[in-house]
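One-based numbering along the sequence shown.
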Amino acid sequence: MNKKLTALLAVSSVTIAALTGCGSGQSAKTESTKTESPKTESTAASLDQSGEAGITDAEKKVEGDLELALFQGGYGADYWEEIISRFEEKYPDVHVNYKINPKIGDLIRPQIISGDVPDLIYHNMGQSDGVVLGLIKDKELLELTDLFEENALDKEEKLKDIMLAGKLESKAYAPYGDGKIYLAPLNTSPTGLIYNKALFEEKGWEVPETWDEFFALGDVAKEDGRALITFPGIYPTYCENFLNTSIADAAGMDALNDIFDYKEGSFSNDKVMQVLKNIEKIKTGGYLMDGSTGLNHTQSQSEMMLGKALFIPNGTWIENEMKDAPRENEENFEFALLPGLKLNADDPDFVSTSIEQLSIPKNAKNPEAAKEFIRFIYTDDSVRLFGEKAQGMIAVKGATDLVNEYFTPGMNNMFSVLSDESVTTYSPAYQTPPANAKFNKNMIYENGLLPVLNGEMDAEAWAAFTEKGFASLREDLASENK
């Protein structure tokens, strides 16, 4: 392991991230660290009638020890323990050793530095320990492009063709901008503007598609004694959950990727400026709930649930996070999600999704078994299991139908935005800035969007501030690469 990687693994700042909220599903369970998988009695019952878990003879012959390092967060440990047991049942020549822990990055850092890497890591590039980010930065991950050219285990389609549209093209999975895949998606969870579907149905309100429709609904809401929108002003980066999608809808994914790469003029082009001016109008038009800029995330979420505002930027985690919070109508409340707002109704549809990633270190001892384990995760059997045990959805087409029996009506409403195959998903991933950079993407919200919604700055000043910050980042990156 080279000195550069060792230094990178020592950093703890988040430099590439998507806002994933306060939990990716159910609340985190008690910490669990295990070194070998159990053979549970439920394994046999989980297989289909053929006893083959729905898998064709497309599987590869793999054997030996397989070491997994798994992050334990909102999805808990139950899914991993069961899917590992099923994998060993199907591949009896593989023995899986695994660790699952909320601080898995800290646990495996010494291994990585010494060169004794796990075979597969479930941990995200945005985690504060910087472990996966360090592996990406120093190009220490195994390329997975060939894996996604292979067929799925339980259907005659290539893996890349069963993934949600746009997912693999995101820099969250192809981080170097060359189209080569180095990280594999696990779950997917949409983000956007959350609202109460039951209230809209009760009032006969149409969910807006465009900014014009959004503000027209805001005028109706005012007459009903409600604000159009609130947000957590203490944590303004929550607004990323719909701003990025609105920019992609207006200007296209290439324009949004230019922003993620800090390109000159990317934050001030005509289409982006139209979106920024609509953000400004939320304040100048009186559509923002009074006091929003002083609220934290749970306070603003509570206000929306009490009906004081129609929308709030957030993600699917809101239902679990606020399960005990009071709401306007306890008997008639259902979360739903609007991904973003368009300038024109015929603009393309994009959905921002949170990042959950699997990766294989370049020096893994059993990379073929690790790849096979990833293929196993993408089977319908695994997708159903993830819905049942983790209340989450793996990032493959048709998953919404496979997991809906395990979800509440509100969760099904929010995830339904992924069921339309015309929708393109993406995961926000900014180019990694140097550790000593004076500007970071959070400043777009903290020093730009927040002053706009406070009435202290207009859209043009926001764009100018961000463009100046991007220029400093380009200089820092050029200096770092000399």
Results of side chain to side chain donor-acceptor pair (under 3.5 Å) for [X] - residues two or more places apart only:
X      : answer
Thr400 : none
Glu63  : none
Lys158 : Glu149
Thr245 : Tyr426

Practice prompt. For the pair Ser170 and Ser427, evaluate side chain to side chain donor-acceptor pair (under 3.5 Å) and give the outcome as yes or no after the intermediate values.
Written response: CA-CA 6 Å; Ser170 169; Ser427 299; 4.5 Å; no
Distance-only, no hydrogens or angles: does the [X] side chain make a donor-acceptor pair with backbone N or O of [Y] under 3.5 Å?
X      : Y      : value
Asp138 : Glu140 : no
Asp249 : Phe350 : yes
Asn366 : Asp65  : yes
Tyr445 : Leu450 : no
Ser246 : Phe242 : yes
Gln357 : Leu183 : no
Asn413 : Pro409 : yes
Thr466 : Ile444 : no
Lys441 : Tyr430 : no
Asp401 : Gly398 : no

Closest contact, heavy atoms only, [X] versus [Y]:
X      : Y      : value
Pro428 : Glu240 : CB-OE2, 3.8 Å
Gly166 : Thr424 : CA-CG2, 3.8 Å
Leu473 : Ala437 : CD2-CB, 3.7 Å
Asn269 : Ala255 : ND2-CB, 4.4 Å
Val383 : Val403 : O-CG1, 3.4 Å
Ile112 : Pro118 : CG1-CD, 4.4 Å

Do [X] and [Y] touch side chain to side chain, with heavy atoms closer than 4.5 Å?
X      : Y      : value
Arg86  : Asp381 : yes
Leu418 : Met393 : yes
Tyr122 : Leu186 : yes
Phe415 : Ser189 : yes
Asn447 : Phe465 : yes
Ser302 : Met322 : yes
Ser292 : Leu453 : no
Glu67  : Gln111 : yes

Can you measure from [atom1] ([X]) to [atom2] ([Y]) and round to the nearest 0.5 angstrom?
X      : Y      : atom1 : atom2 : value
Thr237 : Leu243 : OG1   : CG    : 11.5 Å
Asn241 : Ile312 : CG    : CD1   : 10.0 Å
Leu133 : Thr432 : CG    : OG1   : 4.5 Å
Glu143 : Ile360 : CD    : CD1   : 11.5 Å
Leu341 : Leu193 : CG    : CG    : 5.5 Å
Thr230 : Leu295 : OG1   : CG    : 5.5 Å

Could I get the full list of ring pair (Phe, Tyr, Trp, His ring centres under 6.0 Å) partners for [X], not counting sequence neighbours?
X      : result
Phe267 : Trp462
Tyr406 : none
Phe386 : Tyr75, Tyr79

Worksheet item: For residues 142-181, which residue pairs qualify under ring-ring contact (aromatic ring centres under 6.0 Å, His included), counting only residues two or more places apart or in two chains?
Response: Tyr176-Tyr182
Practice prompt. With sequence neighbours excluded, give me every salt bridge (charged side-chain N to carboxylate O under 4.0 Å, His left out) pair touching residues 166-180.
Written response: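 Residue pairs with at least one partner in residues 166-180: Lys171-Asp261.
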Worksheet item: Restricting to pairs with a member in residues 110-119, which pass salt bridge (charged side-chain N to carboxylate O under 4.0 Å, His left out), not counting sequence neighbours?
Response: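 Of all non-adjacent pairs touching residues 110-119, those that pass salt bridge (charged side-chain N to carboxylate O under 4.0 Å, His left out) are Asp116-Lys365.
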Worksheet item: Charged N to carboxylate O below 4.0 Å: is that the case for Asp78 and Lys389?
Response: no
Discussion item. Pair Ser300, Phe231 - check side chain to side chain contact (heavy atoms under 4.5 Å, CB included), show working.
Written reply: CA-CA 6 Å; Ser300 57; Phe231 80 112; 5.9 Å; no
Worksheet item: Given the rule in the side chain to side chain donor-acceptor pair (under 3.5 Å) test, do Glu156 and Asn151 qualify, once you have shown the distances and angles that lead to the verdict?
Response: CA-CA 6 Å; Glu156 292 298 322; Asn151 273 2; 3.3 Å; yes
Worksheet item: Cut-off 3.5 Å, side chains only: do Gln391 and Glu319 have a donor facing an acceptor?
Response: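 There is no such pair between these side chains.
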Discussion item. Within the 3.5 Å criterion, strictly below it, is a donor on Gln301 or Asn314 matched to an acceptor on the partner's side chain?
Written reply: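 Gln301 vs Asn314: donor-acceptor pair found between side chains.
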Distance-only check: which donor-acceptor pairs under 3.5 Å involve side-chain atoms of residues 367-374, not counting sequence neighbours?
| from | atom 1 | to | atom 2 | distance (Å) |
| --- | --- | --- | --- | --- |
| Lys371 | NZ | Asp146 | OD1 | 3.4 |
| Lys371 | NZ | Asp146 | OD2 | 2.9 |
| Glu372 | OE1 | Arg375 | NE | 3.2 |
| Glu372 | OE1 | Arg375 | NH2 | 2.9 |
| Glu372 | OE2 | Lys60 | N | 2.9 |
| Glu372 | OE2 | Tyr91 | OH | 2.7 |
| Glu372 | OE2 | Arg375 | NH2 | 3.1 |

Worksheet item: Using 30° and 60° as the class limits, which term best fits the ring planes of His297 and Tyr235: parallel, tilted or perpendicular?
Response: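 Geometry flag for Tyr235 against His297: perpendicular rings.
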Discussion item. Please enumerate all residues that pass side chain to side chain contact (heavy atoms under 4.5 Å, CB included) together with Val423, with sequence neighbours excluded.
Written reply: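 Val423: side chain to side chain contact (heavy atoms under 4.5 Å, CB included) contacts with Asp349, Val351, Asp420.
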Worksheet item: Should Met414 and Ile194 be marked as a side chain to side chain contact (heavy atoms under 4.5 Å, CB included) after you check the CA-CA gap, both sets of side-chain angles, and the distance that decides it?
Response: CA-CA 8 Å; Met414 291 186 283; Ile194 302 295; 3.7 Å; yes
Worksheet item: Do other residues, nucleotides or ligands put more than 12 heavy atoms under 6.0 Å from the CD atom of Glu446?
Response: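 For Glu446, atom CD is crowded (more than 12 foreign heavy atoms under 6.0 Å).
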